[in-house]
Amino acid sequence: MEKETSRVAIVTGGAGGLGFPTAARLTAKGHRVAIWDVNGERAEAAAAQLPGAKGYLVDVTDAEAVEAATMKVVSDMGPLGILVTAAGHNGPIETFVDYPLDGWRFVMSLNLDAVLYCCQSAVRQMLKTDYGRIVNIASIAGKEGNPNAVAYAASKAAVIGLTKSAGKELATTGIRINCVAPAAIETEMMNQLTPEFRAFVTAKIPMGRLGKADEVAAMVSWLASEECSFCTGAVFDVSGGRATY
Ligand SMILES: NC(=O)c1ccc[n+]([C@@H]2O[C@H](COP(=O)([O-])OP(=O)(O)OC[C@H]3O[C@@H](n4cnc5c(N)ncnc54)[C@H](O)[C@@H]3O)[C@@H](O)[C@H]2O)c1
């Protein structure tokens, strides 16, 4: 097996619970990672731990900022080979009938609109070299829904649709775009959940435990590799057996 070419990778939410272990795995494989986070200090601190990485303060919900940051990464680090979109938020845990519209808009803006902006900017760059690997972090909630989390589930279902659509459209290029659908994973994001909701999502997992961030990062890093050549527009479950289709 040949050693992989070293690529420039952007990881959005790269200082976060799933983003950072993913950035660390990509670094270990010889890639140079641009860590994007809305928390600039955390982005810098995360990048400082990874050889060759750079931290960038980027609010991915701002389309112009995303385009500018993509160009900056290319100018600082070289042609873009990999994008992982890991920035996201659970949003409010509320009943469907009372779901707050500001919470809905917040979640859609971060979990869906921002994924479109990042993928569009990345694809513009990747088409120049006819090579790219994009991995969007969706969720099992996007396939099955979760009660009291309508915005989250809807945003993740839409990310799955976006990924499938872009995958088909770009299939004859050198760009592969896939998504992962994790069940509940032990990260800081779990602190956004009520204890009841946390117990509910854990009980749904046949393995009877939460996933580990590294278990998701391992799948993402393979989807970001050259070996991932005949998979595109697909959803990869990391769910301890929860996914049924
Ligand atoms: N943790 C889980 O159980 C789980 C399960 C399934 C899917 N996911 C998805 O995985 C992704 C990562 O989740 P996580 O557990 O790492 O969450 P996290 O809260 O640990 O990390 C998210 C990161 O995104 C950053 N971020 C937030 N808003 C941003 C913005 N506007 N611009 C740039 N960065 C921003 C945060 O600062 C944080 O560092 C999310 O999309 C989440 O929905 C998580």
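First listed ligand is number 1; within each ligand, the first listed atom is number 1. All values derive from a computational prediction rather than experimental measurement. In what follows, residues are counted from 1 in the order of the sequence shown. Atoms considered below: every heavy atom in the structure, side chains included; atoms not considered: hydrogens, waters and symmetry mates.
Between Leu193 and Phe200 there is no side-chain heavy-atom pair separated by less than 4.5 Å.
Sequence neighbours left out, not one pair with a member in residues 168-184 passes salt bridge (Lys or Arg N to Asp or Glu O under 4.0 Å).
Distance CD1/Ile177 to OG1/Thr163: 5.0 Å, rounded to 0.5 Å.
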Can you list every pair where an N/O of ligand 1 is under 3.5 Å from an N/O on the protein?
unit_1: ligand 1; atom_1: 1 (N); unit_2: Thr187; atom_2: OG1; d: 3.0
unit_1: ligand 1; atom_1: 3 (O); unit_2: Ile185; atom_2: N; d: 2.7
unit_1: ligand 1; atom_1: 3 (O); unit_2: Ile185; atom_2: O; d: 3.2
unit_1: ligand 1; atom_1: 8 (N); unit_2: Tyr152; atom_2: OH; d: 3.4
unit_1: ligand 1; atom_1: 15 (O); unit_2: Thr187; atom_2: OG1; d: 2.6
unit_1: ligand 1; atom_1: 16 (O); unit_2: Gly17; atom_2: N; d: 3.2
unit_1: ligand 1; atom_1: 16 (O); unit_2: Leu18; atom_2: N; d: 2.7
unit_1: ligand 1; atom_1: 20 (O); unit_2: Gly17; atom_2: N; d: 2.8
unit_1: ligand 1; atom_1: 31 (N); unit_2: Asp59; atom_2: OD1; d: 2.8
unit_1: ligand 1; atom_1: 32 (N); unit_2: Val58; atom_2: O; d: 3.3
unit_1: ligand 1; atom_1: 32 (N); unit_2: Val60; atom_2: N; d: 3.0
unit_1: ligand 1; atom_1: 34 (N); unit_2: Val38; atom_2: N; d: 3.2
unit_1: ligand 1; atom_1: 37 (O); unit_2: Asp37; atom_2: OD1; d: 2.5
unit_1: ligand 1; atom_1: 39 (O); unit_2: Gly16; atom_2: N; d: 3.4
unit_1: ligand 1; atom_1: 39 (O); unit_2: Asp37; atom_2: OD1; d: 3.4
unit_1: ligand 1; atom_1: 39 (O); unit_2: Asp37; atom_2: OD2; d: 2.6
unit_1: ligand 1; atom_1: 41 (O); unit_2: Lys156; atom_2: NZ; d: 2.8
unit_1: ligand 1; atom_1: 43 (O); unit_2: Tyr152; atom_2: OH; d: 2.7
unit_1: ligand 1; atom_1: 43 (O); unit_2: Lys156; atom_2: NZ; d: 3.0

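Within the hydrophobic cluster formed by Ile, Leu, Val, Met, Phe, Trp and Tyr side chains joined at under 4.5 Å, directly or through other members, Tyr152 is accompanied by Met189. The hydrophobic cluster containing Val235 also includes Ile160, under a criterion of side-chain heavy atoms closer than 4.5 Å among ILVMFWY residues, counted directly or through chains of members.
Test Lys72, Gln120, Arg124 against Glu67 for side chain to side chain donor-acceptor pair (under 3.5 Å) and you get one pass: Arg124.
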